[in-house]
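Below: one structure, written as structure tokens.
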Amino acid sequence: MHLLNPISIKNKLQFIIIITSAIVLLLASTAFIVNDLFTFRRQMVADLFVLAELVGINSTAGLMFNNSHTAEENIVALKANKHIIVTKIYSKDGTLFASYFREGLDQDSLSKHLSVSEKYFRHNQKKQARDKIEESFFFHNNHLGIFKPIIFKNEIIGIVYIKSDLDAFHERLFWKIWIMGIVMLVSLLLAFFLSLKFHRTITTPILNLLETMKEVSTDKIYSHRAKKTTDDEIGKLIDGFNDMLAEIEKRNIALAQTRDQAMAASQAKTTFLANMSHELRTPLNGILGYAQILLQDEDLKETYKEGLEVIQRSGEYLLTLINDILDLSKVEAGKIELDPANFHLGGFIKEIAELFKMRANQSELYFTYKVSKNLPRGICADEKRLRQILINLLGNAIKFTPEEGKVNFEVDYYDDKIHFKIADTGIGIAENELKHIFSPFQQVGELNYRKQGTGLGLSISKELVEMMGGKLQVKSIVGKGSTFWMALDLPVVSHKIEEQPVKKPIIGYQRISTEKDSKSESPLKILLVEDNKENRSVLRNILKPLNFEIVEAKNGIEGVNKAYDCLPDLIIMDLIMPEMNGFDATRKIKKIPELQEIPIIATSASVFEYHREESLKVGCQDFMPKPFGEDLLRLVGQYLKLQWIYKETLEESSIKNINDPPSEKSPDEEIQSSIKLQTEQANHFFILSMKGDITGILEFATQIEQSDAQLTPLANKIRYFANNFKVKQLRKMAKKHFEV
């Protein structure tokens, strides 16, 4: 039956109908033929007995008067029956009285027939007494033989033996089989044609159902319905299928409504985030930009510098919060992507470690970091995202570790993976809260620490680590601290990767191009197309001191006109502006033959990917998000083919860095020197240190330096401790001066 599996229902039905019809016809025909043949055979026997009866009656006189000639003349008439082979008349004692043989029998056949008849006659005599001989018949090979007693006046006077062939029987059998074959053939052909006609009653509804199923599967339109043509089991099946489609359609409508609502909510959230990002980044651009510009002023007082650093740190923290929220929305939408590139791993780790070492000192924590000697020199990874992960983890470690605690940062390389481990002796996390720490907006631990941050850092870090093929793991004990670790299989870069040089202030540029023309000595011209006055001011104050000629435009229309008039070397194009946005302005500029080769850097406070992609489609060479960071000068140098001129090292060494500790003496040696504070100064210093008034202490250091040049080393030492928030060392120093 497995052979029928690949056959269609239509062919299966035809096959079943024909096979069933054939079997029924064969059984019926066989039964009919067998019955007919048995009936025919009985009739043959009966006919021979009738014939034998006639022979016996006609031979009675001959037997009575022992006249065999008369008997033979009677039985010769049997030659009219062509099937009679032998006829014999025996006397009562078994003596052959008369006989007839069909013409054409040879001697062997004649002997054979005689021996057979004698054999059965003797057998019959032995079986029964002569006076009890009864009529009998037998079939032997292809012959039929009968024995019929001749009775006269209730007394057996002889026996008639007739032997006939079975040719009539065989002929009848042949014709019956031939007729049966013809009947079966005609019947099967009729069954086949009837099955072709009537199978549609079953297959048509099924085929219609299959067709509807295909349409639903292909088109995903659940409003289709299968056509019902019968009320049998197939009709019930079609009803069930249509009911299922109706239920699916109903659920799809509800799901579509829910999806539309979710998409509308998602779109509203996206619009809100885009607007929020734009509105927050625009003022942040001015805040961070001017903080960066003003901090480069070497004549600025230390107190002002400290205030600007507070402004800059606060702005950067706010920018981090905005980026975290945007990153979370990208993670939820599955749109966050990694941008791997080759970079120097040792320098990368050192930069992060030095940053958090300073933060730990400000929080009076003991910070250590250990880097394995097996660490590869260069790797290929998303440096920005890896930095984001480590900053989140290290920032949490410092935030949740009380004063005088420890934070340890380790980086190792084994099993072809880079292993990062951050351990602290902080407040720890309860076991029942560990499962929640990677959820968005979830904060655990003491309420005092929950107020610091949005609860997004660990959630985003976990997603980024998994995107890099790793797993962020944690173990923690309340009151003893927490440990976070991860192992990343990052490709090792075989060729030499140079460590990034220490960042130095840029004071100018020189062109890499060797072309000599009339413009080679003139300042490069940059067109700023920006509707926000503060943003134009920031860009102008960053670029103009570096010897760039700055041209400004307030909107897209003005930007296109000024680009055509002044033919700038570079255009910085804001994307969101009134009257004409940056996309349309870029399209128009790229259609002007004289302006087609001018590189355009798009900028926007909206940092969604579609803004970046659209800006590149319309012809911008690159995209720069607001607030302006290091990307500004990097992209300007890249597209103008510039080599930046940095501040000379000798000039830097002549300026004392207040954050570097004096190398000539330790704090204790400084106290023991001949430099002494006046009593009033010592008292004031002691009071400020007990209060922890860092601003007041910095002002005090400036005052004593201005009052007496000999106090400059002491003032530098005080500034160093104050800028690094080493309050304990300040109190210790103030106490010794106070006690003198």
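Just so it is clear, the structure is predicted and the values come from calculations on it, not from any experiment.
- Between the NZ atom in K617 and the CZ atom in F583 there is a gap of 10.5 Å [rounded to 0.5 Å].
- Remark: K421 NZ is loosely packed, at most 12 non-hydrogen atoms of other residues, nucleotides or ligands lying under 6.0 Å away.
- No side-chain heavy atom of D531 sits under 4.5 Å from any side-chain heavy atom of K554.
- You'll find the side chain of V411 reaches within 4.5 Å of the side chain of I418, heavy atoms only.
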Query raised in the report: side chain to side chain contact (heavy atoms under 4.5 Å, CB included) between V465 and I389: does it pass, once the steps are laid out?
Result: CA-CA 8 Å; V465 169; I389 295 168; 3.7 Å; yes
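- Note: E249 CD to N242 CG = 11.0 Å, rounded to the nearest 0.5 Å.
- In terms of the side-chain hydrogen bond (donor to acceptor under 3.5 Å, both in side chains) criterion, K588 has no residue partners (sequence neighbours excluded).
- Residue-environment remark: CD (E597) stays at or below the threshold of 12 foreign heavy atoms within 6.0 Å.
- Between T586 and the choices L575, I600, I571, V560, the side-chain contact (heavy atoms from CB on, under 4.5 Å) rule is met once, by I600.
- Rounding to the nearest 0.5 angstrom, the gap separating the CG atom in L393 from the CZ atom in F420 is 10.5 Å.
- Ion pairing between a basic and an acidic side chain is recognised when a charged N comes within 4.0 Å of a carboxylate O; D36 and R172 show such pairing.
- Looking at L570 and I601, their side chains come closer than 4.5 Å, going by heavy atoms from C-beta outward.
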Report task. Evaluate the side chain to side chain contact (heavy atoms under 4.5 Å, CB included) criterion for residues V493 and F343: first the C-alpha distance (whole Å), next the side-chain angles of each, then the deciding distance (0.1 Å), finally the verdict. Result -> CA-CA 9 Å; V493 180; F343 63 91; over 6 Å; no
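- Of all heavy-atom pairs between A553 and R536, the closest is O-CD, 3.9 Å.
- With hydrogens and angles disregarded, no donor-acceptor distance shorter than 3.5 Å links the side chain of N35 to the backbone of A31.
- In this structure, the side chains of L472 and E466 stay at 4.5 Å or more apart for every pair of heavy atoms.
- A pairwise comparison of heavy atoms in L595 and A563 identifies CD2-O, 3.3 Å as the closest pair.
- In summary, the aromatic rings of Y413 and H419 are positioned with their centroids too far apart to meet the 6.0 Å limit.
- Annotation for Q621 and P599: closest pair OE1-CA, 3.2 Å, computed over non-hydrogen atoms.
- Between E463 and R385 there is no salt bridge, since no side-chain N of the basic residue sits under 4.0 Å from a carboxylate O of the acidic one.
- Ion pair R587/E614 flagged as a salt bridge, since at least one NZ, NE, NH1 or NH2 atom sits closer than 4.0 Å to an Asp/Glu carboxylate oxygen.
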Report task. Under the side chain to side chain contact (heavy atoms under 4.5 Å, CB included) rule, what do F348 and L386 come out as? Steps first, then yes or no, please. Result -> CA-CA 10 Å; F348 169 80; L386 185 57; 3.7 Å; yes
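- The backbone N or O of I398 lies less than 3.5 Å from no partner atom in the side chain of T401, so there is not a single donor-acceptor pair.
- Nearest heavy-atom pair, C380 versus N342, reported as atom, atom and distance to 0.1 Å: CB-OD1, 3.3 Å.
- With 3.5 Å as the limit, one finds no donor-acceptor pair spanning the side chains of D574 and T603.
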Report task. Apply the test side chain to side chain contact (heavy atoms under 4.5 Å, CB included) to residues I427 and V478: give CA-CA distance (whole Å), side-chain angles for both, the deciding distance (0.1 Å), then the verdict. Result -> CA-CA 6 Å; I427 61 175; V478 175; over 6 Å; no
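- Between D382 and M468, the shortest heavy-atom contact is O-CE, 4.1 Å.
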**Report entry** Full working for salt bridge (Lys or Arg N to Asp or Glu O under 4.0 Å) between R387 and E383
**Finding:** CA-CA 6 Å; R387 179 182 285 106; E383 183 179 2; 3.1 Å; yes
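- Atom CZ of R251 has 12 or fewer neighbouring heavy atoms from other residues, nucleotides or ligands inside a 6.0 Å radius.
- Residues satisfying the salt bridge (charged side-chain N to carboxylate O under 4.0 Å, His left out) criterion with E579, sequence neighbours excluded, are absent altogether.
- Looking only at side-chain heavy atoms (C-beta outward), I572 and E530 stay at 4.5 Å or farther from each other.
- Atom CD of E431 sits in a sparse spot, with 12 or fewer heavy atoms from other residues, nucleotides or ligands closer than 6.0 Å.
- Residues K475 and F484 form no side-chain contact, since every pair of their non-hydrogen atoms from C-beta on lies 4.5 Å or further apart.
- A heavy-atom distance below 4.5 Å is not found between the side chains of F623 and D631.
- Put simply, CG on L255 and CD1 on I248 are 12.0 Å apart, with the number rounded to the nearest 0.5 Å.
- For the atom pair M577 CE and N555 CG, the distance stands at 6.5 Å (nearest 0.5 Å).
- Between the CD1 atom in I23 and the CG atom in L26 there is a gap of 8.5 Å [rounded to 0.5 Å].
- Closest non-hydrogen pair, S476 versus G481, comes out as OG-O, 3.2 Å.
- Two residues are said to be in side-chain contact when any heavy atoms from C-beta on lie closer than 4.5 Å; L490 and K417 fail this criterion.
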